[in-house]
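Given the structure is predicted, the values throughout are model-derived calculations rather than measurements.
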Amino acid sequence: MLRGPARRLLCRWAVLAGFAVSGGFGPLAAQSPLAGRWDRVRLRHDALHYDIAISLPDSGGSFAAAVTAHWRLEGPGPVVLDLDSILTVRSAEVNGKPARWRREGHRIVLPVPGAAGGAATTLVRYDGAPVDGLLLRGTGATRTVFADNWPDRARHWLAVQDHPGDKASVSWSIEAPAAYGVVANGRLTAVDTLPGGRLRWHFDNPEPIPTYTMVLGMARLTTTRVGGAACSQPCPPVSVLSYPEDSAFAVEGPFRRAAEIVDFFSRRIAPFPYGELRHVESSTMFGGMENATAIFYDEKGYRARRTSEGTVAHETMHQWFGDAVTEADWHHLWLSEGFATYGAALWAEHASGDSALRATMQEARAAVLRAPVTERPILDSAVTVRMQLLNSNNYQKGSWVLHTLRGLMGDDAFFRGLTRYFLAYRHRNALSSDFARVMAGEAGRDLGWYFRQALTQPGYPVLEVKTELDGGHLLVSVTQVQKKEWGLYRMPNLQIRLDDRVITLDVSGPLTRLATHWESDRPPASVTVDPNGWWLLDVRRAP
């Protein structure tokens, strides 16, 4: 997602406690830093599919729901569903029979029979007025209902196992007043007419998605189909859903090339992973939220005309990375946000050329250099408040991890690696170690040093470069002068332009020197480090 105004951090959900890891569905990977799991979450069983029935009113703040979950059992023990205790549970079933259940804080515990490898089905019916997650606002023409789940706020209105490490497919049955349009994940399969001026909307998303992207929306919406004719890959329907007064801005402004963006990533990475894509004006605390097949954009940004094509590209890239390939632990969020941030840079490069890519990456560099969180590594096990993961380390610095990797590998190997990683983990979960392994295999050489450096060291290299004449040679010295606690960085094939000549150094320690033939009797008037902009670094003038 793209973050909205800073005010959101003052909201109730900004102080949700994070977790750090005690388990998953099987043994933990070897605990290298790149495979670290720090979320304190126990996923007892594997949710395979949710059937969610929701009844939405045309006024007021309450709703009613029935959530059926289909499970693959990972051993003995109950099914535990996250659900805010402010909601009232009316009944529960296990395998079609009434079940005894109990509350444990904000969880519903349902005993289920069976052992590892078995199956179970649970049903929980409940209602109430949610305090978060599902936003019910206004009445009449101004009535809107939108879900806003990130990071683990689905539990405030959905009875689910609310962690990105447990993805599931989802089907929706949504009752709503006939005066409103309804949207949810997946393809619209049917609309039933009910008594009392109500409709029942059916959506089906057969691909497993993380619960933080399982959403619905209800409002007076105008739907406009965009693009599609130029798709070189199988082209999903792409549409924009907006409030009527904003429909012209939507299709003439940031979403004008929405279908082209889908086509670009489909060619660059792999075909679009879902059956349809909608861009939806909505109530969300974020500038954009990458809900699978139904991206939500902040209505305030819409009306202020702040929503940009870069935001659209960022959220669209999430459909591949974040939604289809999802981090297994929150602390690996760069696998989602860093990829989406670099995706927007790739679109800028495609649409406007190399200069646009460089400008975008320089903006990202500036954000990293001025951010206090730069004092921490990207993979930061100390973070316990999940909202604090929405920082420049996971967004802009994460995008630089990919950009530098591209420079190290070359375009062909880098983009082959992205495709290979996506196809290997599509509709699954991954850790940084999985991505590193795939990219090293595509590069055909060890890249462990690079990923450890990029993801587990704080800061960035700060270089002092000196040049001295010595007879017919120029002595070039590169000294790493960043904070000692940041450690030293390795930078193979670092280029330095001396006037109109480029030399290459393998920087690996505190001081790297190179003597090169120099015909002039004067030192170079211009010294430019990394002229092509492949490294996240800073350069200080030598004394």
Side-chain angles (χ1 to χ4, degrees), residues 32-34 334 338 342 345 354 357-358 361-362 364-365 368-369 374 377-379 393 396-418 420-421 432-433 435-467 473-484 486-498 501-518 524 527-540 542:
S32 77
L34 303 183
W334 85 277
Y342 196 54
D354 292 345
L357 172 65
R358 291 192 186 188
M361 297 312 299
Q362 286 307 306
R365 172 185 176 274
V368 174
L369 266 57
T374 301
I378 290 177
L379 295 180
N393 273 354
Q396 289 92 344
K397 192 175 183 183
S399 73
W400 267 99
V401 172
L402 295 173
H403 187 61
T404 301
L405 182 64
R406 178 183 174 186
L408 288 170
M409 295 178 64
D411 274 16
D412 288 347
F414 174 77
F415 287 109
R416 284 199 310 269
L418 279 190
R420 182 178 162 197
Y421 167 67
S432 299
S433 55
F435 178 62
R437 182 174 57 254
V438 169
M439 299 307 280
E442 199 60 50
R445 63 182 186 275
D446 173 46
L447 290 174
W449 66 269
Y450 171 70
F451 284 102
R452 288 189 297 272
Q453 167 180 296
L455 299 176
T456 69
Q457 284 184 221
Y460 46 85
V462 181
L463 307 180
E464 270 186 6
V465 180
K466 295 177 66 173
T467 60
H473 291 83
L474 184 71
L475 303 180
V476 181
S477 301
V478 178
T479 305
Q480 297 196 47
V481 297
Q482 62 267 18
K483 296 179 181 180
K484 185 176 180 180
W486 290 1
L488 294 172
Y489 282 82
R490 177 179 167 188
M491 288 167 282
N493 300 315
L494 177 67
Q495 291 187 333
I496 299 178
R497 187 169 61 218
L498 308 167
R501 179 181 171 193
V502 175
I503 63 170
T504 300
L505 298 86
D506 288 331
V507 174
S508 60
L511 175 63
T512 303
R513 288 177 172 157
L514 176 71
T516 184
H517 181 68
W518 192 257
V527 177
T528 304
V529 179
D530 188 31
N532 294 317
W534 289 111
W535 291 92
L536 174 64
L537 52 77
D538 198 10
V539 179
R540 305 281 170 82

(message) If you count heavy atoms of other groups shown closer than 6.0 angstrom to CZ of Arg540, is the number above 12?
(response) no

(request) May I ask you to decide if Leu537's main-chain N or O and Arg365's side chain share a donor-acceptor pair within less than 3.5 Å? (result) yes

(message) Centre-to-centre under 6.0 Å for Trp486 and Tyr460, is that the case here?
(response) yes

(message) With heavy-atom distances below 4.5 Å as the criterion, would you say the side chains of Thr528 and Val502 are in contact?
(response) no

(request) Take the angle between the ring planes of Phe451 and Phe435 and call it parallel below 30°, perpendicular above 60°, tilted in between. (result) perpendicular

(message) For the backbone of Leu408 and the side chain of Trp534, can you confirm whether one donor and one acceptor N or O come within less than 3.5 Å of each other?
(response) no

(request) State, with a plain yes or no, whether a side-chain heavy atom of Thr512 is found less than 4.5 Å away from one of Met491. (result) no

(request) Taking the side chain as every heavy atom from C-beta outward, state whether Tyr489 and Val507 have any pair of such atoms under 4.5 Å apart. (result) no

(request) Would you check if Phe414 and Glu442 make a side-chain contact, meaning some heavy-atom pair closer than 4.5 Å? (result) no

(request) Ignoring hydrogens and angles, tell me if any N or O in the side chain of Lys397 forms a donor-acceptor pair with the backbone of Gly459 under 3.5 Å. (result) yes

(request) Evaluate the side-chain proximity of Pro492 to Tyr450: yes if any heavy-atom separation is below 4.5 Å, no if none is. (result) no

(message) Just so I know, are the side chains of Ile496 and Leu514 near enough to count as touching, which here means a heavy-atom distance under 4.5 Å?
(response) no

(request) Would you please name every residue forming a side-chain contact (heavy atoms from CB on, under 4.5 Å) with Ser508, sequence neighbours left out? (result) Arg490

(message) Tell me whether His403 contacts the main-chain N or O of Gly533 through its side chain, where contact means a donor paired with an acceptor under 3.5 Å.
(response) yes

(request) Kindly indicate whether the side chain of Pro510, heavy atoms from C-beta on, has any atom under 4.5 Å from the side chain of Gln480. (result) no

(message) Would the distance check show the side chain of Gln457 and the main-chain N or O of Arg452 forming a donor-acceptor pair, the cut-off being under 3.5 Å?
(response) no

